[in-house]
Amino acid sequence: MYITNLALALLALPFAALSAPSSNGKPLIDIDARAAAATSTPTTLSSIQSADFNSLAAKMPQNCAVGTLSVPVAGSLAVPAGQAVSMVTVGRGVQNYTCTNGTYASAGALANLFDVSCLFSITAKTIDPAILSSLLPKLASKALSFPDAGKLPIAINHLFVATPNSAAPGISPEFALSNGSDKIIVSKLANTPAPTDPSANVPWLQLGAIAGQGSLAKSVFRVHTVGGQPPSSCTTEGESLSVNYASMYWFTK
Ligand SMILES: *[C@@H]1O[C@H](CO)[C@@H](O)[C@H](O)[C@H]1NC(C)=O
Ligand SMILES: *[C@@H]1O[C@H](CO)[C@@H](O)[C@H](O)[C@H]1NC(C)=O
Ligand SMILES: *[C@@H]1O[C@H](CO)[C@@H](O)[C@H](O)[C@H]1NC(C)=O
């Protein structure tokens, strides 16, 4: 009886948290799915460095607390007083441009964001979050194409929508949970050139939630950008261009 229950429990382990009753009604084995999944997540810097982003993201546990982490900001970016980190994600997508008077003008973006909060919370005491934050977009940039074919669990869809409550035509960034339960539309509050290779890597940004457009977060920080910058000039007026990029997106509430 004991053997049978345990064997069944072990078979079920990868699929769900479980609580198999023993003969006296007390749980024989009671394992949190998150803890079980965490054991298969690399936890040393060298193992994360050599990991493939697809396999890292595919087995990432979800819903870990990250409120004590600090956003790795630079330049004029600053976390407003009273806000704490609510989610840490890696984005992979395209920055769009339109050729306007000889240079590429920004025309929005489209990206998939993957929740890596648990990787940060699991390693909080052993790996500097700024080092991890700088590493993950490089891994994502190397491993993923866009649109992604890997069927990774997308946490947030990043796109542009018409600017709400605005008389002037324009578009604004939106971040929407892929399960549809919340979103925010944001405006740019601060930007600073990428500290490394700013002609290739798009600027770091601080985005603030527009009131009344969802409660997913109060601020979003785009940091540790990889790629996304257009060529310095263009010749075909009106031409559209999409440039691949990856980035960290830190959410605070
Ligand atoms: C392009 O440049 C011309 C000449 O400098 C200017 O008159 C025009 O407004 C510019 N167009 C745009 C879309 O910026
Ligand atoms: C950006 O370009 C992609 C195609 O590369 C397109 O699917 C997406 O809708 C564009 N987004 C915006 C805001 O222009
Ligand atoms: C949607 O996803 C968020 C973030 O992972 C989670 O907190 C929330 O509970 C989910 N909502 C539903 C209805 O699944």
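Only a predicted model underlies this, so the values are computations on that prediction, with no experimental measurement involved. Positions are given from 1 along the sequence.
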Student: Mark yes or no for whether Ser166, through its side chain, and Thr163, through its backbone, hold a donor-acceptor pair below 3.5 Å.
Tutor: no
Student: Calculate, to the nearest 0.5 Å, the distance between atoms CG and CZ belonging to Leu216 and Phe251 respectively.
Tutor: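 So the gap between those two atoms works out to 5.5 Å.
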Student: Does Gln206 offer a backbone N or O that forms a donor-acceptor pair with the side chain of Arg222 under 3.5 Å?
Tutor: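 Judged by distance alone, no pair lies under 3.5 Å.
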Student: Do Lys183 and Leu177 come within less than 4.5 Å of each other through their side chains, counting heavy atoms only?
Tutor: no
Student: Quick one: are Ile210 and Val186 in side-chain contact, heavy atoms under 4.5 Å?
Tutor: no
Student: Measuring only between side-chain heavy atoms, which start at C-beta, is Pro129 closer than 4.5 Å to Trp250?
Tutor: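 SC-SC contact between Pro129 and Trp250 confirmed.
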Student: Check whether any side-chain N or O of Glu174 sits under 3.5 Å from a backbone N or O of Ser172 as a donor-acceptor pair, and report yes or no.
Tutor: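 No: the side chain of Glu174 does not pair with the backbone of Ser172.
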Student: Donor-acceptor pair, distance only, cut-off 3.5 Å: does the side chain of Thr100 make one with the backbone of Thr98?
Tutor: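 Judged by distance alone, yes, a pair lies under 3.5 Å.
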Student: State the CG-CZ distance between Leu136 and Phe53, to the nearest 0.5 angstrom.
Tutor: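 Rounded to the nearest 0.5 Å, the CG-CZ separation comes out at 6.5 Å.
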Student: Assigning hydrophobic clusters by single linkage (Ile, Leu, Val, Met, Phe, Trp, Tyr; side-chain heavy-atom cutoff under 4.5 Å), is Val94 placed with Ile171?
Tutor: no
Student: Check whether Ser178 reaches the backbone of Ile154 with its side chain - one donor and one acceptor, N or O, closer than 3.5 Å.
Tutor: yes
Student: Run Ser133 and His224 through side chain to side chain donor-acceptor pair (under 3.5 Å) and show every step you take.
Tutor: CA-CA 7 Å; Ser133 186; His224 293 117; 2.7 Å; yes
Student: Applying the 4.5 Å side-chain criterion to the ILVMFWY set and letting contacts propagate, would Val66 and Met87 be lumped into a single cluster?
Tutor: no
Student: Are Val226 and Leu139 connected in a single hydrophobic cluster, I mean Ile/Leu/Val/Met/Phe/Trp/Tyr linked by side-chain heavy atoms less than 4.5 Å apart?
Tutor: no
Student: Please name the pair of heavy atoms, one in Ser141 and one in Arg92, separated by the smallest distance, quoted to 0.1 Å.
Tutor: CA-NE, 3.9 Å
Student: Keeping the roles fixed (side chain from Ser121, backbone from Cys64), state whether a donor-acceptor pair exists under 3.5 Å.
Tutor: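 The answer is no, because no donor-acceptor pair under 3.5 Å joins these two groups.
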Student: Under a plain distance cut-off of 3.5 Å, with no hydrogens placed, do Tyr104 and Glu239 share a side-chain donor-acceptor pair?
Tutor: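 Yes, Tyr104 and Glu239 have a side-chain donor paired with an acceptor closer than 3.5 Å.
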Student: Tell me whether Ser50 contacts the main-chain N or O of Ser46 through its side chain, where contact means a donor paired with an acceptor under 3.5 Å.
Tutor: yes
Student: Side chain to side chain donor-acceptor pair (under 3.5 Å), that's the test. Do Asp115 and Thr89 meet it? Break it down for me.
Tutor: CA-CA 4 Å; Asp115 187 356; Thr89 66; over 6 Å; no
Student: State the OG-CD1 distance between Ser219 and Ile184, to the nearest 0.5 angstrom.
Tutor: 8.0 Å
Student: Are Leu77 and Leu189 close enough that some pair of their side-chain heavy atoms sits under 4.5 Å apart?
Tutor: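 Not in contact.
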Student: Out of curiosity, does Val161 fall in the hydrophobic cluster containing Val220 (side-chain heavy atoms, cut-off under 4.5 Å, transitive links)?
Tutor: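 They do not share one cluster, since no chain of ILVMFWY contacts under 4.5 Å joins Val220 to Val161.
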Student: To the closest 0.5 Å, what do you measure between CD1 (Ile185) and CG (Leu159)?
Tutor: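 Going from CD1 on Ile185 over to CG on Leu159, the span is 9.0 Å.
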Student: Are any non-hydrogen side-chain atoms of Asn157 and Asn112 less than 4.5 angstrom apart?
Tutor: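 Answer yes - side chains close enough.
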Student: After noting the C-alpha distance and the side-chain angles of Asn101 and Thr103, does the key distance pass the side chain to side chain donor-acceptor pair (under 3.5 Å) rule?
Tutor: CA-CA 6 Å; Asn101 264 0; Thr103 57; over 6 Å; no
Student: Give a yes or no on whether the backbone of Gly227 and the side-chain of Asn201 come within a donor-acceptor separation of less than 3.5 Å.
Tutor: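 Such a contact is found between Asn201 side chain and Gly227 backbone.
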Student: Run the ring-ring contact (aromatic ring centres under 6.0 Å, His included) test against His158 and tell me which residues pass, sequence neighbours left out.
Tutor: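 Scan of His158 (ring-ring contact (aromatic ring centres under 6.0 Å, His included), adjacent residues dropped) gives Phe160, Phe175, Tyr249.
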Student: Val79 and Leu205: same hydrophobic cluster, using ILVMFWY side-chain contacts below 4.5 Å?
Tutor: no
Student: When you measure from the side chain of Ser117 to the backbone of Val88, do you find a donor-acceptor pair of N or O atoms at a distance under 3.5 Å?
Tutor: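 Yes.
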Student: Measure from the side-chain N and O atoms of Thr123 to the backbone N and O of Thr126, and report whether any donor-acceptor pair falls under 3.5 Å.
Tutor: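 Side chain of Thr123 to backbone of Thr126, a donor-acceptor pair under 3.5 Å: no, none is there.
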Student: At what distance, to the nearest 0.5 angstrom, does CG of Leu241 lie from SG of Cys234?
Tutor: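 These two atoms lie 8.5 Å from each other.
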Student: How many angstroms lie between OG in Ser70 and CG in Asp128, if you round to the nearest 0.5 Å?
Tutor: 9.5 Å
